[in-house]
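All chains are named by letter (A, B, ...) in the order of the sequence lines, taking the proteins before the strands, and each is independently numbered beginning at 1. Computed from heavy atoms alone, side chains included, the values below leave out hydrogens, waters and symmetry copies.
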2 protein chains.
Amino acid sequence: MAFMSLRDKLAAGDSGILLFSLTPPKRHETEQRVKEIAAVTAQRLARLPIDGLILYDIDDESDRVAEERPFPFLPTLDPARYYADHLSAGDLPVVIYRCVGKYHDEELRDWLREADPQRVLSVFVGPSSRGKPVRTDLRAAHATHRQVRPELMLGGVVIGERHARGQDEHLRMLAKQERGCSFFVSQVVFHVNETKNLISDYFYECRARGIAPRPVIFTLSVCGSLKTLDFVQWLGVEVPRWLENSIRHASDPLVESCRQAVSIARDLADFCERLTMPYGFNVESVSIRKVEIDATVELAANVARMLGRGAVAGG
Amino acid sequence: MAFMSLRDKLAAGDSGILLFSLTPPKRHETEQRVKEIAAVTAQRLARLPIDGLILYDIDDESDRVAEERPFPFLPTLDPARYYADHLSAGDLPVVIYRCVGKYHDEELRDWLREADPQRVLSVFVGPSSRGKPVRTDLRAAHATHRQVRPELMLGGVVIGERHARGQDEHLRMLAKQERGCSFFVSQVVFHVNETKNLISDYFYECRARGIAPRPVIFTLSVCGSLKTLDFVQWLGVEVPRWLENSIRHASDPLVESCRQAVSIARDLADFCERLTMPYGFNVESVSIRKVEIDATVELAANVARMLGRGAVAGG
C-alpha cells in the first residue's frame, strides 16, 4: 500500500479504508525492548492489507471519572518519535494522535513544521474532561494547524456516546470540518445503534447544508476478558447490555468478542453503503495481552476480507 | 395450518411461529360493512402461512400521555365476538387480547368459561397507566384464569422500552410466568438494541434459575407515513433516530420501512438462534390505510420466507 493512497482516499472521500492502531511502548522500557516490540509489531502488520497506522498519544484520563482505572496509567513514548525511529521503514503512512492539551503551542508548531505531510496525518484530541488544565485547547490547536501546516491532513475524533447524551455530536463534526478536519475517527464502537444515530444525523445535516460528508473511520476492538470489558467501559465506551452478557457468558470471550466486532463492522458498512456515507475501519487493541493482540490482527484480517481486500502477498 | 400446531408449538417452546394481528372493525360500522371487512381480511390471510391470528382489544390510552393522539380513538368490536362471527371459519387459531381493566371479574370468568381452549389463546394486558381506574387488575385476572380455565393458553405482553427504563422487564416476565403465562408477545419492535437487552437478560435469568425460557413473539410493523410514525411514537414505541431519519428521508417511506422491518426480524432471529432462545414473529398493521395493510401482508410473506416457510398452496 503506497502512502498516497491513504491521503488520496481520504481526500476523495473513498470508502473501505482500513487502519490499524497501536499505543506506543511505555516510556520505562529499555531501548532494546522497544526495538523488539517494534520488530514484532512490524512483522504482524506486514501481513495485513492496511492503508496506514494510527499511533495514539496517551494521556492520563484519571481526571475524567471517579472510579479507579482498571489498568494503571504509565506514560508512553511520543507517537511521532516511535514511528520515525521504529516503524517508518515500511513506508506505511501514519496518523499521529495529539492530545493537544499536553503541549505548548510552540511544541505543536515545531512538530507540525517538521512532519512530512506525504507520510504523516494527524488527529487532534481535546482534553478528557472539561475542568482539566490544558496547555493548548482544541480550537487553538486547529488554528495553529491552519496557520502553520494546513497541507498536513487533519482528522477529528467522534464519539457516538456523546451524541446519545447531547444530540449535537454531528454539529461538532461540522464545526471541526470548518476548522480544517477532513476525516474523522470514532471511539471504539460497541453500540451500533448510537453510532448509526450519529452518522445519520451527520449525513442529513451535510445534505441540508449542501456539504459533502467526510469519511468516518469506525474503530473496532476485541474485548477478550472481563477486565478489558471493565477498562473499555471505564474509558467511557458504552457496551450494550446484551453484548456485555454475551461476552460474560461466552465459553471463549475472545472468540465471541471477535465475532461481535465483525458483525458490528458488517452492520455499519451496510448502513453507510446504503446511505452513500464514506466510511472505513480502524482496528485497535486496548489490551497488552498477547492473545488479545493476536486476535486483533485476526480481526483486522477479517474486516479486510469483508471489505474485499486480499492479504498482502508474501507478507 | 391446524390449530394444534400453534398451541403445541408454543407449549413445546418451538421457534419460528408466525402470527398476524388485526384490530377489529370500529363499533360504529354497519353489520354489512363488518362482513365486507372480514371477507377481505380472510382473503388476504388465506395466502399467508401463519400459525394464527392475534385480535387486539383496544382501550382508550389517552390517559397515558399528555400529547394529542394522532389518530382519533374509536371503540372497536369485541375481538372474541368478531373472531367467532366472522373469522373462525378457516380454523385458524386466535390469540384474543384482553385489556383486563375494562372488564369486571365476572365478565372475564364468563368469557374464559366459554372460550374453546383448542382454538382460542389469550393475552391479558394491564392498564396503560398506573393511575388509571380498573375493573380488574392484571394480577387478579391472572388468578381468575388459573382458577377458571388454566388450560386456556395465556400469554403476556413484553415491552423492551420498559426494560430500558427500569431494567426489570425480564423479572416481570418471570413473575407473569409464575402466574400462568407460557408465552410472550412484544410491543412493536423498532429498537432492536433494547429488545436484545431484554431478551438477553431474560434468557440468562432463566438459566440462573434453571427455568426453560418461554417463546417470545416479536411484533413487527410497517410505518409507511410520517403520521403513522408519530402514532407509533405516541403509543410509546421508541424509534431509533437513524431509523426515523431513514423513513423521513426515503423517497418511498413504506418500502423503506418494510425493508427495515425484515432487517429487524433477521437480526432478532439470528440473535435468538445463537442464544437458543425460542422466538417467533407477529406482523401487525398499525394503520388502516389500504396501501399500508397491503405492505403488511407483504411483510408477513417476507418474514415467512425468512423463516423458511412456503406460501399456502392455492390460497
Side-chain angles (χ1 to χ4, degrees), chain A residues 160-171 189-208 213 216 238-252 255-257 259-260 262-264 266-277 279, chain B residues 160-171 189-208 213 216 238-252 255-257 259-260 262-264 266-277 279:
Chain A
E161 281 82 351
R162 205 152 56 185
H163 194 59
R165 286 193 299 273
Q167 310 282 308
D168 62 353
E169 184 73 355
H170 62 308
L171 303 178
V189 177
F190 285 108
H191 207 311
V192 174
N193 193 70
E194 286 177 358
T195 305
K196 283 183 178 177
N197 284 345
L198 168 60
I199 296 304
S200 174
D201 280 344
Y202 171 68
F203 180 84
Y204 288 114
E205 183 66 28
C206 284
R207 181 191 276 185
V216 174
E238 227 188 275
V239 181
R241 180 94 180 130
W242 63 266
L243 186 47
E244 185 180 332
N245 283 347
S246 80
I247 293 172
R248 282 193 193 280
H249 291 276
S251 56
D252 187 336
V255 169
E256 173 64 14
S257 142
R259 194 183 69 77
Q260 295 291 357
V262 172
S263 159
I264 288 168
R266 189 164 293 128
D267 199 346
L268 290 174
D270 286 351
F271 183 72
C272 289
E273 294 280 349
R274 188 164 279 276
L275 211 53
T276 67
M277 167 74 202
Y279 70 95
Chain B
E161 282 80 352
R162 206 152 55 183
H163 194 59
R165 285 192 300 271
Q167 309 282 307
D168 62 352
E169 184 73 355
H170 62 308
L171 302 178
V189 177
F190 285 109
H191 207 311
V192 175
N193 193 68
E194 286 178 358
T195 305
K196 284 182 177 177
N197 284 344
L198 169 60
I199 297 305
S200 174
D201 280 345
Y202 171 68
F203 179 85
Y204 288 112
E205 183 65 27
C206 284
R207 181 189 277 186
V216 174
E238 227 188 275
V239 181
R241 179 93 179 134
W242 64 266
L243 185 48
E244 185 180 332
N245 284 348
S246 82
I247 292 172
R248 281 193 193 281
H249 291 276
S251 56
D252 187 336
V255 169
E256 173 65 14
S257 143
R259 193 182 68 76
Q260 294 292 358
V262 172
S263 158
I264 288 168
R266 190 163 293 128
D267 199 344
L268 290 174
D270 286 351
F271 183 71
C272 289
E273 294 280 350
R274 186 165 280 276
L275 211 52
T276 66
M277 166 72 202
Y279 69 95

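When side chains are defined from C-beta on, A/Tyr202 counts as touching A/Met277, because their heavy atoms get closer than 4.5 Å. Annotation: side chain of B/Asp270 is in contact with side chain of B/Arg266 (closest heavy-atom distance under 4.5 Å).
Contact of A/Arg248 with chain B is not made at all, since no heavy-atom distance falls under 4.5 Å. For B/Gln167, the part lying under 4.5 angstrom from a heavy atom of chain A is the side chain only. Neither the backbone nor the side chain of A/Phe203 comes within contact range of chain B; no heavy atoms are under 4.5 Å apart. For A/Asp201, the parts sitting under 4.5 Å from any heavy atom of chain B are the backbone and the side chain alike.
Inspection of the B/Tyr279 and B/Glu273 side chains reveals an N or O donor paired with an N or O acceptor under 3.5 Å.
Aromatic ring orientation, B/Tyr204 versus A/His249: parallel (interplanar angle below 30°, classes split at 30° and 60°).
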